[in-house]
Trainee: 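Dumping the structure here so I can ask a few things about it.
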Amino acid sequence: MHRAIRWHHIGARRRQYALGTAFGASTVVAYHVWSTPRLLLADSATEDWSARPATVTSNQSFSDHAHGLRDAPGRIDALQTAHPRTSTDVPPPSQTERHSGLDLKASLPGSPSAWSNVTDSVAAVGATITGFDFASVREKITGAIVPSWVRMLPGYVHKLQDELSMAPWSLSWEIWEEAHNPEINPEITWDANVRISSELCAEEKSFLRKRRRHTAKALARYLGVPESEVHPEDVPVIGMCGSGGGLRALVAGAASFLSAAEDGLFDCVTYSAGVSGSCWLQTLYYSSIGQQSHATILDHLKNRIGVHIASPPALLALVGQAPTNKYLLSGLVEKLRGVPDADFGLVDIYGLALAARLLVPNNELRISSYDLNISNQRFYTDGGQQPLPIYTSVRHEIPDSAGKVESMARDARFTTKHFDWFQWFEWTPYEFFCEELDAGIPTWAVGRQWDGGHGKWRENGFALPELRIPLMMGIWGSAFCATLSHYYKEIRPIIKASGLGSLDALLTGKNEELVKVHPVDPAVIPNFALGLRDKLPAACPESIHHATHLQLMDAGMANNLPIYPLLRPGRDVDVIIAFDASADVKGDNWIKVTDGYARQRNIKGWPMGAGWPPSTNTDQATIHQLDEASQASSGKPAKPAASTSGYLLPPNKELGYCTVWAGTKEENHEYMDDPPHSLIETAADDHHLAARNAGIAVVYFPFLANDAVPGVDPLKAEFMSTWNFVYTPEEIDSVVALARANYGAGRERTKRTVRAVWERKRAGRWEREEEVREFERRVRVRRGCGDTGHWDHFS
């Protein structure tokens, strides 16, 4: 007797997992088909895409009270004035707005463009699905219930193929036509150059001056003091950051930021920074969807993430019908048509799926193309009314094999890095920047090609529009682009528990090779450092001078907290408030990881050595336990851990709901360790924050289980997995409740920290002012004026 598979007998949660797994497998198959070289389609083989980079945008307005620059014609005139062409610039080719998608220019043989490859792959997938007989399969499986979307799949694929055909009036044709319209994309007329400097860009410096006026008033409200007592120079520069962790980090971060906003703390923040899911949070906050309200974001998530991002009927419906199809696919078409050698991979599909869930409101008619550009977020920051968002990603630099070291000159052995490392890249509404390169470009210029520090013009006299946010959402959250070493760390406990110790030892010994292999290729954007060998720092890796594209991935590969950008010189952050919703906050000490960065960059004031005992039994801990046991057996008392610096290291206590560390700007002496941090536990410890040489204060909120919210444990709740993309409204409420309870546990400690830093800065200003007055008094005395400033009869 044949067993019938009854779809309605399976629980809702298992159905979601089954659908996600099935579509995930089909996505991998489709991706394999796409990645296989095939003959070009007829419409794509009759055109030289390399001569015509692509771009897209939309002419939909954002709101009735939009900024003056958001009016398209006015924005062109104003910003062309702000970015004039200099007399030394090479004039671009003559500008022609209209380009037919049916040009009869032959493609270069053997060099198919990214666009032709993708359109050909869609056709191949469509042909495969069309040839599949769903009816016969249903008849053969007695009693099976086939979801309706499976039968509709051929229609969706055919429609998508037609829209991407570049036939006149197709969706891709319309997108390509609008890509040449400067009224829709004014940035295509602007000349862009690479800025080489370690300083902040002029726009960010202007933001800091304006933001200080807002934070001064907000700080007075937060601390409950009169505004007249808060001088703008005394206001602490506060950076608030959220960790990676997928939807868990997105929901928990929104709840934590909401609690801070209700407390008045968020209005005091100068910078907000994110990794992975926290980047998605910032994207929503600075959009027409979030409306600069974390409560609104949570309501939006309840309406949207109850469906898996890879749910076929939901995703195909959004990319297959207006108005969301143009909204979602515009960036993809721009990238593939505009950059012929651009790679199209799983990260791009992932970003598209994320945007379909997160950047589309419940009322699909309310979508706004204004939300697709990071540079448009300056509308909320130019006047200093909102914190400046920082988005992060990393590039994995893998140098040549270390086996060549012996053949190098002695000096080269120590001046060249022989190990792999991660380069950090950051986006703000003003600039896309890499601190290691000391170089950056305007955010509105991300996506165009570069050479010798100048953006390239297309043959029609225009540049490429700005890279759209959906593609970058995939980059920010592409944790699956991890190395084999990262993957093995996830399954290592299972291997060891299975008694496969020899296999574990073998794989662990190969870690140096595993850290250099990415099973899934990262996404790419054009490399702006090409042709700048003589202008970039000498320490820049050789590969940066040859790679046509930057391969970028989730910054959580290096540090799951975006602390490094907040330590950038010029930002002068006094207080860092970190909300950590990582998968294992007790085991992954991201605060401690920052020590190496601070030491390498010579960052003064970072609380070196801050952290907590690991929850797992590390090798170092095991060695220490063996030493204690050996000394106990010999009858000798155990010796405390020695420090060559002479500093008394504070104990690292168990991790609580809110922990505060204070650094010091005290200079470390030669042959001595770094000055230790101070652990702030009670009000009696606040003097460490108020000390004259006090450094950066770090307020750390880990996402831990709290007795105030029984039954909710991030380490045990299956739905809080980083790889879960479905949250019910009830599950969202439980995450929100836990995050708000944890913030409540540290509310007063956080306020005491901010107050102590403010009082320290105020005391420093008073001291400086007194020194100036004393200097002026001495000058008057030397001139014979006396203390009153009046001349005596001898003068």
Side-chain angles (χ1 to χ4, degrees), residues 198 241-245 249 273-279 347 390-402 416-427 432-440 446 472 474-490 511-525 527-529 536-537 539-547 549-569 578 580 582-583 588-603 606 722:
S198 59
C241 61
S243 72
V275 167
S276 188
S278 294
C279 287
V347 177
I390 302 175
Y391 304 85
T392 60
S393 67
V394 294
R395 172 180 179 267
H396 193 185
E397 173 60 30
I398 304 175
D400 293 335
S401 173
T416 304
K417 292 182 178 180
H418 307 295
F419 51 88
D420 67 295
W421 75 96
F422 292 94
Q423 294 174 319
W424 279 69
F425 289 78
E426 63 173 50
W427 284 265
F432 174 55
F433 188 85
C434 177
E435 186 179 1
E436 185 172 328
L437 302 180
D438 277 343
V446 175
M472 290 186 285
I475 293 175
W476 298 332
S478 56
F480 52 83
C481 290
T483 64
L484 286 178
S485 176
H486 285 88
Y487 278 110
Y488 181 63
K489 288 179 181 178
E490 296 291 330
N511 190 63
E512 291 186 2
E513 288 76 19
L514 297 180
V515 298
K516 299 178 181 180
V517 179
H518 293 271
V520 179
D521 290 335
V524 298
I525 63 174
N527 179 14
F528 61 81
L536 297 180
C540 290
E542 181 65 22
S543 62
I544 204 70
H545 301 299
H546 303 289
H549 292 78
L550 300 171
Q551 289 189 313
L552 301 178
M553 66 192 82
D554 193 324
M557 299 295 100
N559 192 323
N560 213 33
L561 285 174
I563 295 177
Y564 302 163
L566 297 177
L567 299 180
R568 182 178 163 188
D580 190 357
S582 300
D588 297 326
N589 192 339
W590 299 115
I591 300 295
K592 177 67 175 176
V593 171
T594 310
D595 287 1
Y597 176 88
R599 191 175 293 111
Q600 181 187 23
R601 300 282 180 177
N602 196 26
I603 304 295
W606 173 256
T722 303

Trainee: Hey, does Leu561 have a side-chain heavy atom less than 4.5 Å from the side chain of Thr594?
Mentor: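 No, side chains not in contact.
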
Trainee: Atom CG of Leu536 and atom CD1 of Ile544: how far apart are they, to the nearest 0.5 Å?
Mentor: 8.0 Å

Trainee: How long is the gap from CZ on Phe480 to OG1 on Thr722, to the nearest 0.5 Å?
Mentor: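 Spacing of CZ (Phe480) from OG1 (Thr722) equals 13.5 Å.
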
Trainee: Determine whether a donor-acceptor pair (N or O, by modelled atom type, separation under 3.5 Å) exists between the side chain of Asn560 and the backbone of Gly244.
Mentor: yes

Trainee: For Ser198, which residues count as a side-chain contact (heavy atoms from CB on, under 4.5 Å) partner, sequence neighbours excluded?
Mentor: Asp438

Trainee: Look up atom CE in Met472 and atom CG in Leu552, then write down how far apart they are to the nearest 0.5 Å.
Mentor: 10.5 Å

Trainee: Using the test side-chain hydrogen bond (donor to acceptor under 3.5 Å, both in side chains), find all partners of Ser278 that sit at least two apart in sequence or belong to another chain.
Mentor: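 Ser278 satisfies side-chain hydrogen bond (donor to acceptor under 3.5 Å, both in side chains) with no other residue.
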
Trainee: Return the CG to NE2 distance between Asn527 and His545, rounded to the nearest 0.5 Å.
Mentor: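 It is 9.5 Å, given to the nearest 0.5 Å.
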
Trainee: Do Trp421 and Glu436 come within less than 4.5 Å of each other through their side chains, counting heavy atoms only?
Mentor: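 SC-SC contact between Trp421 and Glu436 confirmed.
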
Trainee: Identify the two heavy atoms, one from Pro562 and one from Gly242, that lie closest to each other, and give their separation to 0.1 Å.
Mentor: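 Nearest pair, atom of Pro562 first, then Gly242: CD-O, 3.3 Å.
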
Trainee: Provide the closest heavy-atom pair for Ser543 versus Arg395 in the form atom of the first, atom of the second, distance.
Mentor: OG-NH2, 2.9 Å

Trainee: Who are the side-chain hydrogen bond (donor to acceptor under 3.5 Å, both in side chains) partners of Glu435, not counting sequence neighbours?
Mentor: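 So Glu435 forms a side-chain hydrogen bond (donor to acceptor under 3.5 Å, both in side chains) with Tyr597.
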
Trainee: Considering non-hydrogen atoms only, spot the tightest contact between Ala523 and Val347 and give its length.
Mentor: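 Looking at all heavy atoms of both residues, the shortest contact is CB-CG1, 3.6 Å.
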
Trainee: Checking side chain to side chain contact (heavy atoms under 4.5 Å, CB included) against Asp554, which of Pro522, Cys481, Ser276, Cys279 comes through?
Mentor: Ser276

Trainee: So, for Ile390 and Pro565, which heavy atoms are closest and what is the spacing to 0.1 Å?
Mentor: CG2-CB, 4.0 Å

Trainee: Give the minimum heavy-atom separation between Met553 and Phe422, together with the two atoms involved.
Mentor: SD-CE2, 4.4 Å

Trainee: What pairs with Phe432 under ring-ring contact (aromatic ring centres under 6.0 Å, His included), at least two apart in sequence or on another chain?
Mentor: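 Testing Phe432 for ring-ring contact (aromatic ring centres under 6.0 Å, His included), a comparison that skips the adjacent residues, returns Phe425, Trp427, Phe528.
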
Trainee: Which residues pass the side-chain contact (heavy atoms from CB on, under 4.5 Å) test with Ala598, sequence neighbours left out?
Mentor: Ile603, Trp606, Met608

Trainee: Has Asp580 got a side-chain atom pairing as donor or acceptor with Ser582's backbone, closer than 3.5 angstrom?
Mentor: yes

Trainee: Closest heavy-atom contact between Ile475 and Ser393?
Mentor: CG2-CB, 4.0 Å

Trainee: Apply ring-ring contact (aromatic ring centres under 6.0 Å, His included) to His549 and list each qualifying residue two or more places apart in sequence or on a separate chain.
Mentor: none

Trainee: Evaluate the side-chain proximity of Trp424 to Asn559: yes if any heavy-atom separation is below 4.5 Å, no if none is.
Mentor: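 Sidechains of Trp424 and Asn559: in contact.
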
